[in-house]
Amino acid sequence: MLSVVPRPVIVRAPSKVNLHLGVGDLRADGYHELTTVFQALSLSDDVEIAPAASLSVRVVGVGADEVPTDRRNLVWQAAVRLAHLAGRAPLVEIAIRKGIPVAGGMAGGSADAAAALVGLNELWELGLSRDELATIGAELGSDVPFALYGGTALGRGRGEDLLPVLARNTFHWVLALAKGGLSTPAVYGELDRLRDQGDPPRVAEPQELLQALASGDARHLAPLLGNDLQAAALTLRPELRRTLRAGVGAGALAGLISGSGPTCAFLCDNEAAAVAVAAELSGAGVCRSVRTATAPVPGARVIEDPPR
Ligand code: ATP
């Protein structure tokens, strides 16, 4: 009898930028209470999953050496978790192609976990809804649910409690990728220290920003972008001030640190402006490399179903 080998599944998952990141008080569980507006960017990772004799993870692309390939990798944890819930063994090989900078404040690990959940749901024909996958994903990491839904969303709690946000039009971004990463817990720790010592700037509530997103006007949106982690990221990596200045000097409408950094994100007026800003930043010697991206894009989705 012929045995049918399921096809490998390839899933693309987006990175994110926080258009607004308000960091509230430290909670009893050690997390900070957040109010954030996420936007999913076309800069993405691809995750390929195929049946195998045992669970393995392989990572290729820029920064691959810094990503663990054992149980510390979020895709490994996603596979073990979903297999347990499905009552089966996690017998798959998972290959991650990194396009999202590692430890760059763009939630690359969460994107990969979201991609693994979508891919395994497909490969194992589990029939779980996106909401069900998001509930499982929230246990793996706070940003995993957003990577599943994509688009633009308001996040509360640790960022996992999501509401979709209306965003008209496509926004054009330039990302300045830094040398080396920043540890998210170190940046939160630095913010706690700055707040103990003084009064670093805090973003206001995001109502006006949500209106600007609904209007689809990048010029209206630009001055409303804000990130409470920026002061802490800049204390840890002062050279990023030059990068932010260079992007705005090159014609971006605004620049901010993405999440916990060190990636700097620049909002541009249109595609041509983004290409011009990217070209000038590339030559300015203020970052490791430069990417352009559009947003919002959908959450983790199957992109290919190769023939057998
Ligand atoms: P955060 O999601 O905490 O804001 P980040 O976006 O700055 O983090 P990530 O690229 O998600 O950064 O990775 C943070 C760390 O998580 C890495 O340094 C790495 O050791 C670990 N990690 C685990 N799984 C992955 C993965 N699939 N891809 C990248 N990093 C991973």
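Whatever order the structure lists them in is the order used to number ligands and atoms, beginning at 1.
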Item to complete: Identify which of D112, L182, V67 has a heavy atom lying nearest to atom 27 (N) of ligand 1.
Response: D112

Worksheet item: Identify the closest protein heavy atom to atom 3 (O) of ligand 1: which residue and atom is it, and at what distance?
Response: T184 OG1, 2.9 Å

Item to complete: Check whether V57 and I49 end up in the same hydrophobic cluster, where Ile, Leu, Val, Met, Phe, Trp and Tyr are linked by side-chain heavy atoms less than 4.5 Å apart.
Response: yes

Worksheet item: Taking only heavy atoms of M106, which atoms of ligand 1 are found under 4.0 Å from at least one of them?
Response: 6 (O)

Worksheet item: ligand 1 versus K98, non-hydrogen atoms closer than 4.0 Å: side chain, backbone, both, neither?
Response: side chain

Discussion item. So is G181 touching ligand 1 or not, going by heavy atoms under 4.0 Å?
Written reply: no

Worksheet, complete the sentence: Residue, atom and distance of the protein heavy atom nearest atom 24 (N) of ligand 1 read L74 N, 3.1 Å

Worksheet item: If you measure from the Lys or Arg side-chain nitrogens to the Asp or Glu carboxylate oxygens, is any gap between K98 and D112 under 4.0 Å?
Response: yes

Response to the item:
the protein heavy atom lying closest to atom 11 (O) of ligand 1 turns out to be G109 N, 2.8 Å

Worksheet item: Going by distance alone, is a donor N or O of one side chain under 3.5 Å from an acceptor N or O of the other, for S56 and E93?
Response: no

Worksheet item: Would you call R193 and E190 a salt bridge, using N to O less than 4.0 angstrom?
Response: yes

Response to the item:
Taking only non-hydrogen atoms of A107 and a 4.0 Å limit, the atoms of ligand 1 in range are 2 (O), 6 (O), 11 (O)

Discussion item. Between R72 and D70 (salt bridge meaning N to carboxylate O under 4.0 Å), is one present in this structure?
Written reply: yes

Fill in: Which residue and heavy atom of the protein sit nearest atom 18 (O) of ligand 1, plus the separation
A103 CB, 4.0 Å

Fill in: Part of N73 within contact of ligand 1 (heavy atoms, under 4.0 Å)
both

Item to complete: Answer yes when D46 and R12 have at least one side-chain N-carboxylate O distance shorter than 4.0 Å, and no when they do not.
Response: yes

Worksheet item: Counting each atom of ligand 1 from 1 as listed, which ones have a heavy atom of V102 under 4.0 Å away?
Response: 10 (O)

Discussion item. Show, in sequence, the C-alpha distance, side-chain angles and deciding distance for N18 and N227, and conclude whether the side-chain contact (heavy atoms from CB on, under 4.5 Å) test is met.
Written reply: CA-CA 7 Å; N18 301 83; N227 177 2; 5.7 Å; no

Practice prompt. Please say whether I96 places an N or O atom under 3.5 Å from an N or O atom belonging to ligand 1.
Written response: no

Worksheet item: Are L154 and Y31 grouped together when hydrophobic residues (ILVMFWY) are joined by side-chain heavy atoms under 4.5 angstrom apart?
Response: no

Worksheet item: Is any heavy atom of the protein nearer than 4.0 Å to atom 15 (C) of ligand 1?
Response: no

Worksheet item: In terms of hydrophobic clustering (I, L, V, M, F, W, Y; side-chain heavy atoms under 4.5 Å; direct or indirect links), are V23 and L236 co-clustered?
Response: yes

Worksheet item: Among A78, P68, G105, which residue places a heavy atom closest to atom 5 (P) of ligand 1?
Response: G105

Fill in: CZ (R27) with more than 12 external heavy atoms under 6.0 Å
yes

Worksheet entry | Proximal atoms of ligand 1 relative to R72 (non-hydrogen, under 4.0 Å) | 23 (C)

